[in-house]
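Okay, structure first, notes after.
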Amino acid sequence: MLFLFLGGLIYHARAGIAPFAPRRLSGATFRKVRRDALKMSGYQVAFTVSSQTDMILIGIFLGSAAAAPFGIAHRVFSLMVTMGATLNQAQWPAMAKADAAGARDAYLPLFRRTLILVPLGAASVAVTIALLYQPLIELWLGETVATDPWILWGMVVWVLIATAANTCASLLRARNETSFLMRAMGAMAGVNLVLTLILLPILGPAGAIWGSVIGYCSAVLLPYLWKLRHDILGDRA
C-alpha cells in the first residue's frame with residue numbers, strides 16, 4: 001500500500017495533476033467520497049470473504065492436511081494476480097483523467113492492449129510454475145508437498161480470469177462504477193461459496209479453486225465485459 005501511495009504521488013507530479021484541490025472541497029464532495037468509500041469497503045469485504053473461506057471450508061470438510069497444499073499453491077499463484085493488479089493500478093489515474101475529460105479514444109487502445117497482454121503474461125508465468133511446481137516447492141520449503149494437478153491447473157485458469165477481471169475493474173473504477181463493482185463482487189462471493197460446498201465432496205480441495213474460477217467468470221468477468229461494452233459502445237453511438 002505504501003508503494004502504491006508513493007507511486008501515485010509520483011505519477012500525479014509527473015502528469016501535472018494536483019493531488020489536492022482545496023477550491024473543489026465541499027460538503028457534497030465529502031458525501032460522495034464517503035458513499036464511494038462505503039461501496040468499495042463492501043467490495044473489499046466480499047473479495048476477502050471469497051478468497052479466505054476456501055481454506056476454512058477445506059479445513060472443516062476435508063481436514064487441515066488437505067488445506068495445507070491448497071494454501072501453499074494459492075499463495076504461490078496469487079503472486080501473478082498481485083503483479084497484474086499492480087500494473088492495472090498504475091494505469092487507473094490516466095484512464096480516470098481521460099474519462100472525466102471525455103477523451104475515451106485516448107485510453108481505449110491502452111485498455112484493449114492491457115486486457116490482452118497482462119492476463120496472457122500472468123497466465124504464461126502460471127503455466128510455467130505449474131509445470132515446475134514440485135521442484136520449486138522443494139527448493140522453497142525443503143520438502144515435497146503432494147499437490148493435486150487439478151488444483152494447479154485450476155490455479156492457472158484462475159490467474160487468467162482474475163487478472164482479466166482486475167483489468168476491467170480498473171477501467172470501471174476510472175468510470176466511477178463503484179456500485180456495480182460492489183454488487184458483482186458480492187454476487188461472486190455468494191456463487192463461490194455455494195459452488196465450493198458443492199464441489200468439495202466431488203473434487204476434493206480442487207473444488208475450492210474451481211468454484212472460484214466459475215464464480216469469477218460468471219459473476220465478475222462476464223458482467224464486467226458486458227458493462228464496459230454496453231456503456232462505452234452505447235456512449236460512442
Side-chain angles (χ1 to χ4, degrees), residues 44-88 116-169 184-224:
Q44 193 61 43
V45 167
F47 173 79
T48 302
V49 168
S50 67
S51 62
Q52 298 300 322
T53 51
D54 287 346
M55 287 286 294
I56 297 173
L57 292 175
I58 293 173
I60 291 174
F61 291 100
L62 304 177
S64 58
F70 180 91
I72 294 170
H74 192 273
R75 178 58 59 90
V76 171
F77 286 92
S78 292
L79 291 174
M80 278 70 76
V81 178
T82 301
M83 291 169 62
T86 302
L87 293 173
N88 293 329
I116 294 172
L117 295 177
V118 172
L120 287 180
S124 298
V125 176
V127 169
T128 303
I129 290 177
L131 294 173
L132 302 175
Y133 187 75
Q134 291 304 332
L136 288 174
I137 292 301
E138 289 180 20
L139 179 64
W140 179 28
L141 299 179
E143 61 181 271
T144 300
V145 178
T147 306
D148 187 345
W150 278 96
I151 293 178
L152 298 180
W153 295 109
M155 293 287 177
V156 171
V157 178
W158 172 70
V159 166
L160 176 64
I161 293 175
T163 308
N166 288 340
T167 303
C168 294
M185 189 57 68
M188 193 280 288
V191 172
N192 184 17
L193 178 62
V194 172
L195 287 176
T196 298
L197 290 173
I198 293 173
L199 293 176
L200 280 179
I202 300 172
L203 300 177
I209 190 60
W210 286 102
S212 296
V213 165
I214 298 172
Y216 254 98
C217 189
S218 62
V220 174
L221 180 58
L222 292 179
Y224 283 5

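One-based numbering along the sequence shown. All values below come from the heavy atoms of this structure, side chains included, with hydrogens, waters and symmetry mates left out. The structure presented is a predicted model; accordingly, all values stated were derived computationally and were not measured.
No donor-acceptor pair closer than 3.5 Å links the side chain of E138 to the backbone N or O of Y133.
Atom CG in N192 sits 8.5 Å away from atom OH in Y216 (nearest 0.5 Å). I209 CD1 to L203 CG: the interatomic distance, rounded to the nearest 0.5 Å, is 12.0 Å. With rounding to the nearest 0.5 Å, the separation of CD in Q134 from CG in L152 is 7.0 Å. Put simply, OG on S64 and CE on M55 are 9.5 Å apart, with the number rounded to the nearest 0.5 Å. In this structure, N166 CG and T86 OG1 are separated by 10.0 Å, a value rounded to the nearest 0.5 Å. Annotation: the span from L79 atom CG to H74 atom NE2 amounts to 11.0 Å, rounded to 0.5 Å.
Considering only heavy atoms from C-beta on, L195 stays 4.5 Å or farther from W210 through its side chain. When side chains are defined from C-beta on, L200 counts as touching L57, because their heavy atoms get closer than 4.5 Å. With contacts defined as side-chain heavy-atom distances shorter than 4.5 Å, the pair L197/F61 qualifies. Contact annotation: the side chain of P205 approaches that of I151 to within less than 4.5 Å [non-hydrogen atoms, C-beta and beyond]. For the pair I137 and T147, the minimum side-chain heavy-atom distance is 4.5 Å or more.
A67 and G59 get closest at one heavy-atom pair: CB-N, 4.2 Å. When every heavy atom of D54 is checked against every heavy atom of S212, the shortest pair comes out as OD2-OG, 3.1 Å. The minimum heavy-atom distance between T196 and G211, with the atom names listed, is OG1-CA, 4.3 Å. Closest of all the heavy-atom pairs between P223 and S218 is CD-O, 3.3 Å. Taking every heavy atom of both residues into account, A206 and D148 meet most closely at CB-OD2, 4.3 Å. F77 and I129 get closest at one heavy-atom pair: CZ-CG2, 3.9 Å.
Of the listed residues (L221, L222, V220), just one forms a side-chain contact (heavy atoms from CB on, under 4.5 Å) with I161, and that residue is L221.
Every pair tested for side-chain hydrogen bond (donor to acceptor under 3.5 Å, both in side chains) that includes a residue from residues 152-163 fails, sequence neighbours excluded, so the list is empty.
Counting heavy-atom neighbours within 6.0 Å of M83 CE, excluding the residue itself, gives a total of 12 or less.
Residues satisfying the side-chain contact (heavy atoms from CB on, under 4.5 Å) criterion with Q44, sequence neighbours excluded, are F47, T48.
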